[in-house]
Amino acid sequence: ITPLRKVTELSGWRVKARDSEDWKPIRTDDSWETVLGVQFDGIAIYETTLPPIAKLHESGRLLLHFEAVATHATVRLDGKVIGEHLGGWT
């Protein structure tokens with residue numbers, strides 16, 4: 001039997017166009033078009049800060065779950081690539 005997971009909702013997300021330094025707050029249940037504008041056509045970058053993790057699951061693993069990712073997503077932790085997704089919506 002797998003022990004119960006501790007679930008934490010991440011907040012404090014922000015988004016920017018890849019070639020910009022202008023970060024803007026965004027809710028994760030919203031699309032980047034609501035913040036960057038419907039005319040934006042390019043790569044958007046999302047960012048948040050993870051809360052301190054007092055104790056990982058006994059396996060030492062941390063699961064990040066995303067409700068929807070389109071086309072291509074690269075997940076980084078402290079600048080290091082830890083996962084990718086390529087394809088349609090997930």
Side-chain angles (χ1 to χ4, degrees):
I1 297 177
T2 303
L4 295 176
R5 298 180 189 166
K6 179 180 178 186
V7 177
T8 302
E9 188 75 28
L10 298 178
S11 60
W13 286 92
R14 55 190 198 152
V15 66
K16 73 177 186 99
R18 178 174 61 176
D19 56 356
S20 171
E21 293 305 316
D22 185 20
W23 287 99
K24 298 178 180 185
I26 188 168
R27 294 187 338 253
T28 56
D29 61 348
D30 230 341
S31 65
W32 50 260
E33 290 98 339
T34 61
V35 175
L36 300 178
V38 293
Q39 301 302 320
F40 175 76
D41 183 25
I43 296 173
I45 298 172
Y46 287 78
E47 175 180 275
T48 194
T49 301
L50 293 174
I53 301 170
K55 183 177 178 184
L56 289 175
H57 183 273
E58 62 190 38
S59 68
R61 294 175 42 177
L62 174 67
L63 173 69
L64 296 175
H65 176 82
F66 297 88
E67 291 292 330
V69 173
T71 313
H72 186 207
T74 303
V75 178
R76 291 181 173 86
L77 180 62
D78 294 332
K80 180 181 176 186
V81 174
I82 60 170
E84 282 192 271
H85 165 79
L86 181 61
W89 295 94
T90 63

Subject >> Under the side-chain contact (heavy atoms from CB on, under 4.5 Å) test, residues paired with Asp19 that sit two or more places apart >> reply: Ala17
Subject >> Test side-chain contact (heavy atoms from CB on, under 4.5 Å) applied to Val15 - qualifying residues, sequence neighbours left out >> reply: Ile26, Trp32, Val35, Leu36, Ala44, Tyr46
Original post:
Does Arg18 have any side-chain hydrogen bond (donor to acceptor under 3.5 Å, both in side chains) partners at least two apart in sequence or in another chain, and if so, which?
Top reply: none
**OP:** Return the set of residues passing side-chain hydrogen bond (donor to acceptor under 3.5 Å, both in side chains) with Arg76 (not counting sequence neighbours), or none when no residue passes.
**Re:**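 Per chain and number, Arg76 pairs via side-chain hydrogen bond (donor to acceptor under 3.5 Å, both in side chains) with no residue.
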**OP:** List for me each residue that meets salt bridge (charged side-chain N to carboxylate O under 4.0 Å, His left out) alongside Glu33, sequence neighbours excluded, and say none if there are none.
**Re:**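 With sequence neighbours excluded, Glu33 shows a salt bridge (charged side-chain N to carboxylate O under 4.0 Å, His left out) to no residue whatsoever.
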**OP:** Check which hydrophobic residues are tied to Ile43 through side-chain heavy-atom contacts below 4.5 Å, counting indirect links as well, and list them.
**Re:** none
**OP:** For Trp23 and Ile45, work out which heavy atoms get closest and say how close.
**Re:**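 Shortest heavy-atom contact: CZ3-O, 3.5 Å.
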Original post:
Has the side chain of Thr74 got a donor or acceptor atom that lies under 3.5 Å from a matching backbone atom of Glu84?
Top reply: no
Original post:
In Å and rounded to the nearest 0.5 Å, what is the NZ to OG1 distance from Lys24 to Thr34?
Top reply: 10.5 Å
